[in-house]
Amino acid sequence: MFTRVTLAAVIAMTPFTHTRVVSANPADTTPHVLDGIVNAIALVGGTVVVGGSFSEVADAGRTTTYPRANVFAFELATGRVLPGFAPVVDGPVHALAAGAGSTVYVGGDFPAVNRSRARALARLNLADGSLVRGFTPRVGGGMVSTLAGRGRHLYAGGDFTSPRTALARLDAVTGAADPRFTIEPGLPRTPKAKVYALAASADRLVVDGSFTTLDGQPRPQLGVIDIGTPTPSVANWRTGAYEPECMADVFPSYVRGLDLSPDGSYFVVVTTGGPVSSRLRLCDSAARFETYKTSQRVTPTWVNYTGGDSLYSVAATGAAVYVGGHQRWMDNPRGRDSVGPGAVPREGIAALNPRTGKVLPWNPGRERGIGVKAFLAHQTGLLVGSDTTRLGREYHARIGMFPLP
C-alpha cells in the first residue's frame with residue numbers, strides 16, 4: 001500500500017502541556033499485553049501504537065486474545081485493539097514515532113517486517129500494517145533504540161554503524177540520511193557508541209548515551225545539538241555531571257531516558273548505575289538541566305536520588321516530571337540500596353515537582369519488575385509501558401493509562 005505524503009504533510013510532534021497532575025486511578029479501557037515487555041509508545045491521531053517484545057495482547061475485559069508480533073495498536077478513546085494492524089516484526093521493538101498519513105515509524109533490533117527486509121527501522125501503515133513503500137533508511141550494523149520526529153526529519157539513535165554512527169537525521173519520507181547532519185558520537189565507554197535516548201524541540205536536539213564526545217568535543221554521556229540552522233552543530237553546552245563513574249564494571253555508561261519540557265526550556269535525564277557513596281555522582285537519579293544555558297560547566301538545577309534503584313523513563317508535562325523504573329524510594333540521596341533519612345516510598349513510579357525536583361503526593365504505585373520503559377503524555381493523560389501487571393493497584397498488564405482528572 002502506498003501512502004502519498006505532500007510537503008505539508010510531515011511528521012507532527014506536538015508536546016502536550018498538562019496544567020495538573022494525572023489521576024492516580026488508571027483508566028479501565030486499556031488493553032493488556034500478556035507476555036514480555038513494552039518498550040515504546042506512540043500516538044498517531046487517536047491511535048496508540050505499542051512496541052516491545054511480546055506475542056499476545058488482550059482487550060480490556062480479557063475476553064479476546066490477539067496474536068501480535070512485538071507491535072500492536074488500539075484506539076485511545078475506547079481501548080479497542082485495531083484488528084487490521086498486525087505486522088510481523090521479527091525482533092524487539094525499542095522505539096516508535098508518529099508519521100504523517102496514519103503511519104508509524106518502528107525502530108528496534110529486527111532484520112525484517114512482514115517477511116520483507118527492513119533492518120532495524122521501518123515505516124508502517126496503520127490501516128493494515130504494511131510497509132510504506134519508498135521509505136528505505138538503510139540502517140545497518142546495529143539496532144535503533146530511540147526515535148524523534150521533527151518537521152521533515154526523523155532523528156534516530158542506537159548502536160548502528162550506518163548510515164552514520166549511532167546518530168542520524170533522516171528524511172521522513174525517503175529515509176535517506178541528511179548529508180548536512182554529520183555529528184558523530186565518539187570515544188564510547190562501551191565497545192560501540194550507543195545513543196540511548198533523544199528528544200527534539202524546534203531548535204535543539206538533546207541526546208544521551210555511551211559516548212564521551214560529540215564531533216570530537218567533550219560531551220560525557222550527554223550533549224545538546226543546535227538544529228535551528230541548516231547545518232546542525234554541537235551547542236556551547238557542556239556538563240561534567242556524568243563524567244564520574246558509577247559501578248563501572250556493570251554500568252560503564254549509566255544514562256538512560258530523557259525528556260524535554262513542553263516549552264523546550266529544560267530537560268530531565270534519568271539514570272541507572274547502582275548505589276554509590278558520593279552525591280557528586282548522578283547514579284540512580286533524575287536530574288533537571290536548562291536547555292539554553294551557554295556554558296562549558298552546566299550543573300543540574302536539581303537532582304533527585306532513588307538511593308540505589310534504576311530509573312529508565314521520564315516524561316515532563318509542565319505540571320509534573322514523571323519518572324519510572326524499579327525504584328523503591330525517591331528523595332533518598334543518602335540511601336545505599338536502603339532507605340535513608342527523608343526518603344519517600346514510591347514503588348516503581350513517581351511524580352516530581354518540576355521546579356524543585358521534590359516528590360509530589362501522587363502515589364499510585366506499580367509492581368517494580370524490570371521497570372517502566374515507556375511514558376507518553378498526551379492531551380487526556382499519561383500512558384505507561386512496563387513489564388509488570390499491576391498499575392495503580394489494579395490489573396493492567398504492561399500497558400496502562402492515568403487520565404487527567
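Because the structure is a prediction, the values reported are computed rather than measured. Note: hydrogens, waters and symmetry copies are ignored here, and every other heavy atom, side chains too, is used.
- Side-chain contact between V104 and F85 is present, with at least one heavy-atom pair separated by less than 4.5 Å.
- Geometrically, R281 does not engage Y242 in a cation-pi contact defined by less than 6.0 Å to the ring centre and at most 45° from the axis.
- Taking the side chain as every heavy atom from C-beta outward, V207 and L214 approach each other to under 4.5 Å.
- A side-chain donor-acceptor contact under 3.5 Å links H18 to the backbone of H378.
- Between R398 and V38 the shortest heavy-atom distance is O-CG2, 3.4 Å.
- Cation-pi contact between R256 and Y196: present, with separation from the ring centre below 6.0 Å and deviation from the ring axis of at most 45°.
- Here the CG-CZ distance, from D109 to F160, works out to 12.5 Å after rounding to the nearest 0.5 Å.
- For the residue pair G274 and C283, the shortest heavy atom distance occurs at O-CB, 3.5 Å.
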### Task
Go through the steps for R238 and S295 under the test side chain to side chain donor-acceptor pair (under 3.5 Å), then give the verdict.
CA-CA 6 Å; R238 177 188 173 188; S295 173; over 6 Å; no
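- No close placement of the W237 and Y292 rings is indicated, their centers lying 6.0 Å or farther apart.
- To the nearest 0.5 Å, atoms CZ (R68) and CG (L82) are separated by 8.5 Å.
- Expressed to the nearest 0.5 Å, how far CZ of R123 lies from OG1 of T136 amounts to 12.0 Å.
- Of the possible polar contacts, none joining the S386 side chain to the V372 backbone as a donor-acceptor pair under 3.5 Å is found.
- Between D159 and K194, none of the side-chain N atoms (NZ, or NE/NH1/NH2) sits under 4.0 Å from a carboxylate O, so this pair counts as no salt bridge.
- Note: L170 CG to R164 CZ = 9.5 Å, rounded to the nearest 0.5 Å.
- Atom CZ of R355 sits in a sparse spot, with 12 or fewer heavy atoms from other residues, nucleotides or ligands closer than 6.0 Å.
- Here the straight-line distance linking atom CD1 of I227 with atom CZ of R169 works out to 7.0 Å at 0.5 Å rounding.
- One finds no salt bridge joining R152 and D171 here, because no Lys/Arg side-chain nitrogen approaches an Asp/Glu carboxylate oxygen to under 4.0 Å.
- A heavy-atom distance below 4.5 Å is not found between the side chains of H396 and R390.
- Between the side chain of R366 and the backbone N or O of L391 there is no donor-acceptor pair closer than 3.5 Å.
- Side-chain contact between E56 and Y66: absent, with no pair of heavy atoms (C-beta onward) separated by less than 4.5 Å.
- Panel note: side chain N114, backbone S116; no donor-acceptor pair is recorded below 3.5 Å.
- Heavy-atom minimum distance, L198 versus V195: CD2-CG1, 4.4 Å.
- A ring-centre distance under 6.0 Å is not found for F181 and H153.
- Side-chain atoms of S55 and D35 form a donor-acceptor pair, as typed in the model, at a separation below 3.5 Å.
- For the residue pair S210 and S253, no side-chain donor N or O sits within less than 3.5 Å of a side-chain acceptor on the partner.
- Taking both residues in full, the closest heavy atoms of A42 and L96 are given as CB-CB, 3.7 Å, listed atom of the first, atom of the second, then distance.
- Closest of all the heavy-atom pairs between A58 and P31 is O-CB, 3.1 Å.
- Looking only at side-chain heavy atoms (C-beta outward), F402 and V384 come within less than 4.5 Å of each other.
- A donor-acceptor distance shorter than 3.5 angstrom exists from the side chain of Y322 to the backbone of V22, with no hydrogens or angles considered.
- No side-chain N or O of E290 forms a donor-acceptor pair with one of S265 less than 3.5 Å apart.
- There is a side-chain donor-acceptor pair under 3.5 Å between T389 and E367.
- Contact check on R346 versus D331 returns no salt bridge, with no Lys/Arg side-chain nitrogen under 4.0 Å from an Asp/Glu carboxylate oxygen.
- No more than 12 heavy atoms of other residues, nucleotides or ligands sit less than 6.0 Å from atom CD of Q379.
- Put simply, OG1 on T271 and CG on L258 are 12.0 Å apart, with the number rounded to the nearest 0.5 Å.
- No more than 12 heavy atoms of other residues, nucleotides or ligands lie within 6.0 Å of CZ in R138, so this atom counts as exposed by the packing criterion.
- The nearest pair of heavy atoms linking D309 to T306 is O-OG1, 2.6 Å.
- Remark: the backbone N or O of F267 is not paired with any side-chain donor or acceptor of S261 at under 3.5 angstrom.
- A donor-acceptor pair under 3.5 Å links the side-chain atoms of Y105 to the main chain of A172, judged by distance alone.
- At least one donor-acceptor pair under 3.5 Å links the side chain of N39 to the backbone N or O of V93.
- At a threshold of 4.5 Å between non-hydrogen side-chain atoms, the residues L311 and T272 do not count as touching.
- Sparse packing is recorded around CD of E245, with 12 or fewer heavy atoms of other residues, nucleotides or ligands lying under 6.0 Å away.
- Judged purely by distance below 3.5 Å, without hydrogens or angles, the side chains of N125 and T103 never pair a donor atom with an acceptor atom.
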### Task
Please assess Q221 against T212 for the test side chain to side chain donor-acceptor pair (under 3.5 Å), listing each intermediate value before the final yes or no.
CA-CA 5 Å; Q221 298 198 84; T212 59; over 6 Å; no
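- Not one N or O on the side chain of T29 forms a donor-acceptor pair closer than 3.5 Å with the backbone of A27.
- Using modelled atom types, one side-chain atom of D208 and one backbone atom of A197 make a donor-acceptor pair closer than 3.5 Å.
- A cation-pi contact links R288 to Y266, judged by a cut-off of 6.0 Å to the six-membered ring centre and 45° from its axis.
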